[in-house]
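To keep things clear, I will list the structure first and then write my remarks on it.
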Amino acid sequence: MAKPKEMTKADAEAYEARLLADEAKYCSFGDTVHYVNPPKIFAGCEGSYIYDLEGVPYLDLQMWYSAVNFGYSNPRLNDVLKNQVDTLPQTASQYLHPTKIELAKTIAEDMKKKFGSDGRVHFNVGGSQCIEDSLKLVRNATGGKSLMFAFEGGYHGRTLGASAITSSYRYRRRYGHFGERAMFMPFPYPFRRPKGMTVEEYGEHCVNEFARLFETEYNGVWDPKTNEAEYAAFYIEPLQGTGGYVVPPRNFFKGIKKVLDQFGILLVVDEIQMGFYRTGKLWSIEHFGVKPDVLVFAKALTNGLNPLGGLWAREELINPKLFPPGSTHSTFASNPLGTALGLEVLRMTSETDYESMVMAKGAHFLEGLKDLQKRHPEIGDVDGLGLALRAEICQADGFTPNRELLDRMVDIGLSGDLDWQGKKTGLVLDVGGYYKNVITLAPSLLITGEDIDKAISLLDQLLSRAKATTA
Ligand SMILES: Cc1ncc(COP(=O)(O)O)c(C=O)c1O
């Protein structure tokens, strides 16, 4: 059983205090984020729940930033991992093993079916590392061009190359530049769009901002004599993750892609957070009617049980003549525990109609959020696609961002003393958005209808308590 052995409150508190003191002394803080003080310690997990040292359950509405789409301790996926441990748990990346090849084939065939392009799959570990590999691939395929477009509010990871195309200067500030930073273009943010524009007009407006760069050579990105752009690729998240689960207008990427095609700029789609049915489709870009040149994935590929990630690229960009052996290599790339899990995730999701299931659960959740919004004017916006949902926390005017209120909600949720039918319960929330005032909701795709209702009820309780403790 994935629940921890429960301790008495006093024992749990003493144990926690010892662990935190040791963490303060022996652990680097540079590899974590410490959103709450003191940091939370968990000891078990199952389904949609994660348990603290005392055994108190926390309904998780974040699922490890969408790495655990298929629920904690998913029995089917855990069994595959255990079986792989008993058969071929480890082998050097220079050797082949069946699940690596089968997984690559499954993804490549699916891409061909959906987008009509032949291509290959390349593995590595960790989302950021896969972004690094995509940067090498794109630079190589464009004759060494090192400049990229990306979006304001975009997040692609914190390795040196990935943070150069991630919008926050905060992630670069101390470390100098390694590779040129991207040119960051505005991403349509429907809730905060300029007055008098429809959402679609706003999408077109953002496309025009981008297209304007190519109107004349004096805008700095394009040589009309050769019709060549100085930029190799545009890195996009179809829905922004860290940026606050912003859903752009459906016509937006079509407009962007038209410009890219005109000037030979590649489209790299980062599906690291929104992939694997988070939005109701295997890849979130499928909602927007454009073809990727490169698609990067990680996180839920293994339900968070292994750091395997990878990328798919069009054959013209990744064929072995152009991108030869050793272009990237890492000891744990295509490790068999990860590839066995990835293959099972794709088998599992092809056996059930995940699309209908996720869209139905998402609609149920969104309806609950809209209901909640009627009772709490501080919820300025709710929106979502599938089970990637957002609730924007504001002042009572329903518009001015209220980061303090959301921070209090997160603290109360993690204190584990909400009440659910007479029992102590916690709620795990993630904070995102340009103003750090958005609850970015990524529940398990297998969340029950009952737990969706419970989530809404706990959010109601949480908001009421947070508002009551307003300074
Ligand atoms: C969209 C996106 N890209 C890249 C990354 C980086 O992945 P990792 O944290 O596995 O390095 C993340 C992580 O949150 C992400 O959400």
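Just so you know, ligand 1 is whichever comes first in the structure, and atom 1 is the first atom listed for that ligand.
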Query raised in the report: Quick check, are the ring centers of Phe151 and Tyr189 under 6.0 angstrom apart?
Result: no
Report summary line: For Gly127, the atoms of ligand 1 under 4.0 Å from one of its heavy atoms are 7 (O), 8 (P), 10 (O), 11 (O)
**Report entry** Atoms of ligand 1, numbered as shown, that sit under 4.0 Å from any heavy atom of Tyr155
**Finding:** 1 (C), 2 (C), 3 (N), 5 (C), 12 (C), 13 (C), 14 (O), 15 (C)
**Report entry** Any N/O pair Ser128/ligand 1 closer than 3.5 Å
**Finding:** yes
Requested in this report: Write out the residue and atom name of the closest protein heavy atom to atom 14 (O) of ligand 1, then the distance separating them to 0.1 Å.
Outcome: Lys299 NZ, 2.8 Å
**Report entry** Ring centre gap for Trp64 and Tyr72 strictly below 6.0 Å
**Finding:** no
Query raised in the report: Does Glu315 come within less than 4.0 Å of Lys112, counting only side-chain N to carboxylate O?
Result: no
Query raised in the report: With ring centroids as reference points, do Tyr155 and Tyr171 lie under 6.0 angstrom apart?
Result: yes
Query - Non-hydrogen atoms of Ser73 and Asn78 that approach each other most closely - result: CA-ND2, 3.3 Å
Query raised in the report: Would one find an N or O of Thr242, backbone or side chain, under 3.5 Å from an N or O of ligand 1?
Result: no
Query raised in the report: Considering only protein heavy atoms, which is closest to atom 16 (O) of ligand 1, and at what distance to one decimal place?
Result: Gln273 NE2, 2.8 Å
Query raised in the report: Between Lys281 and Glu355, is there a side-chain N and carboxylate O pair less than 4.0 Å apart?
Result: yes
Query raised in the report: Just checking, any donor-acceptor pair under 3.5 angstrom between side chains of Tyr235 and Ser134?
Result: yes
Report task. Could you tell me which atoms of ligand 1, counted from 1 in the order shown, lie closer than 4.0 angstrom to a heavy atom of Asp270? Result -> 1 (C), 2 (C), 3 (N), 4 (C)
Report task. Would you mind listing which atoms of ligand 1 come within a distance below 4.0 Å of any non-hydrogen atom of Gly157? Result -> 4 (C), 6 (C)
Report task. Mark up the atoms of ligand 1 that fall under 4.0 Å of a heavy atom belonging to Glu237, in ascending order. Result -> 1 (C)
